[in-house]
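Only one structure is covered here, and it is reproduced in the block below.
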Amino acid sequence: MNNNLQFDMTVDKAAKTVVVNKEFAAAQALVWDAFTTAELLDQWWAPKPYTSKTKHMDFRVGGRRFYAMVSPEGQENWQLQSYTSISPKTNFMYFSAFADANENPSLPGSNWDLTFSEQHGITTVHICITNDSLERMEKMIEMGFKEGFAMTLEYLAEVLKINRKTE
C-alpha cells in the first residue's frame with residue numbers, strides 16, 4: 001500500500017482560486033463514481049462530525065445536485081451544484097453556491113473544474129475552484145475550507161479502500 005500519496009492545496013488570492021491535487025490508491029472509474037454518485041458522495045462529502053445528505057442529484061450537463069452538510073445537532077447547511085460540463089470518467093465542471101432549504105442560491109458562488117487521471121493504479125484528482133469574488137473565497141477559507149476539505153478527502157480515501165474490497 002502506498003502511504004506517500006500526493007496531496008497539496010494552493011490558495012491564490014489574486015486569481016481567486018484554490019487548486020487541489022490528491023492521489024488515491026484506486027482505479028479511476030471508482031474515484032469518478034465516488035464524485036458523481038449521490039450514494040457514494042453522501043458517505044464522504046463532509047468533514048466529520050458533519051454528514052452529507054443529498055436531496056436530489058441529476059448528474060448531466062444542466063443537471064443539479066442539491067445537498068446539505070448536516071451538523072451533529074441537525075443544522076443543515078445547503079449547497080447547490082449546477083453541472084456545466086461532463087467528459088465521462090475524465091472531467092466535469094459545476095457551479096457551486098450556498099443555498100437555502102428551498103434551493104434559492106446565495107450568490108456569488110464558485111466554479112469547480114475536476115480532472116481525473118490514472119497511472120499505475122493511482123488516480124489523481126486535480127480540482128481548480130475559481131471563486132466569483134475574493135470576498136466569497138475569503139469566507140470559504142474562514143469557514144475552515146482548507147482543513148475541512150483535506151479531512152473530507154481523507155474520508156474519501158477510506159471509502160475507496162472499503163469499496164475496492166467489495167468490487
Asn91 side chain to Thr115 side chain, donor-acceptor N/O pair below 3.5 angstrom: yes
Phe24 side chain reached by Ile122 side chain, heavy atoms, under 4.5 Å: no
Distance, nearest 0.5 Å, that separates NZ of Lys139 from CZ of Phe145: 14.5 Å
Value rounded to 0.5 Å, distance of CD in Gln43 from OG1 in Thr51: 12.0 Å
Side chain Thr90, main chain Ser87, donor-acceptor under 3.5 Å: yes
Ring centre gap for Phe95 and Trp112 strictly below 6.0 Å: no
Least distance between heavy atoms, Pro108 atom then Ser133 atom: CG-OG, 3.4 Å
Step-by-step ring pair (Phe, Tyr, Trp, His ring centres under 6.0 Å) determination, Trp45 to Tyr50: CA-CA 9 Å; Trp45 188 259; Tyr50 285 76; over 10 Å; no
Ser71 vs Glu73, side-chain hydrogen bond (donor to acceptor under 3.5 Å, both in side chains): CA-CA, chis, key distance, verdict: CA-CA 5 Å; Ser71 75; Glu73 299 77 31; 3.2 Å; yes
Heavy-atom check, side chain of Asn131 versus side chain of Met140, under 4.5 Å: yes
Audit row: Asn21, Phe7, side-chain contact (heavy atoms from CB on, under 4.5 Å) steps and yes/no: CA-CA 6 Å; Asn21 289 293; Phe7 173 74; over 6 Å; no
Heavy-atom closest contact (Ala26 atom, Val31 atom, distance): CB-CG2, 3.9 Å
Joint hydrophobic cluster, Met151 plus Phe149, side-chain heavy atoms closer than 4.5 Å: yes
Heavy-atom side-chain proximity of Leu160 to Leu156 below 4.5 angstrom: yes
Presence of salt bridge, Glu103 and Lys55, under 4.0 angstrom: no
Derivation of the side-chain contact (heavy atoms from CB on, under 4.5 Å) call for Val20 and His126: CA-CA 6 Å; Val20 178; His126 173 82; over 6 Å; no
Nearest non-hydrogen partners of Thr54 and Tyr67, listed with the distance: CA-CB, 3.8 Å
Asp12 side chain vs Ala15 backbone, donor-acceptor pair below 3.5 Å: yes
Spatial distance of atom CG (Asp113) from atom OG1 (Thr130) [nearest 0.5 Å]: 7.5 Å
Residue pair Thr37 / Met57: nearest heavy atoms and the distance that separates them: N-CE, 4.1 Å
Ser96 side, atom OG; Ile129 side, atom CD1 - distance, nearest 0.5 Å: 8.5 Å
same_hphob_cluster(Val61, Tyr83) at 4.5 Å side-chain heavy-atom cutoff: yes
Step-by-step side-chain hydrogen bond (donor to acceptor under 3.5 Å, both in side chains) determination, Asn77 to Gln79: CA-CA 7 Å; Asn77 299 299; Gln79 291 214 7; over 6 Å; no
Asp132 side chain vs Gly109 backbone, donor-acceptor pair below 3.5 Å: yes
Heavy-atom closest contact (Lys89 atom, Asp33 atom, distance): NZ-OD1, 3.3 Å
Side-chain (Asn102) to main-chain (Asn104) donor-acceptor, under 3.5 angstrom: no
Salt bridge Glu154-Lys22, side-chain N to carboxylate O under 4.0 Å: yes
Pair Phe66 and Trp78, ring centroids less than 6.0 Å apart: yes
Side chain to side chain, Val159 and Trp44, heavy atoms closer than 4.5 Å: yes
Exercise: identify the closest heavy-atom pair between Met137 and Val11: CE-CG1, 3.5 Å
Nearest-0.5 Å distance, CG of residue Leu41 to OG of residue Ser52: 6.5 Å
Intermediate values then yes/no, salt bridge (charged side-chain N to carboxylate O under 4.0 Å, His left out), Arg65 and Asp42: CA-CA 12 Å; Arg65 176 181 183 223; Asp42 282 347; 3.3 Å; yes
Option from Val18, Leu153, Val19 for which side chain to side chain contact (heavy atoms under 4.5 Å, CB included) with Met9 holds: Val18
Note, Leu80 side chain near Arg64 side chain (heavy atom, < 4.5 Å): yes
Thr124 and Phe116: CA distance, side-chain angles, deciding distance, side-chain contact (heavy atoms from CB on, under 4.5 Å) verdict: CA-CA 6 Å; Thr124 301; Phe116 301 75; over 6 Å; no
CD-OG1 distance between Glu118 and Thr123, expressed to the nearest 0.5 angstrom: 4.0 Å
CA sep, side-chain torsions, deciding dist, call: Lys13, Leu134, side-chain contact (heavy atoms from CB on, under 4.5 Å): CA-CA 7 Å; Lys13 286 189 177 187; Leu134 180 60; 4.0 Å; yes
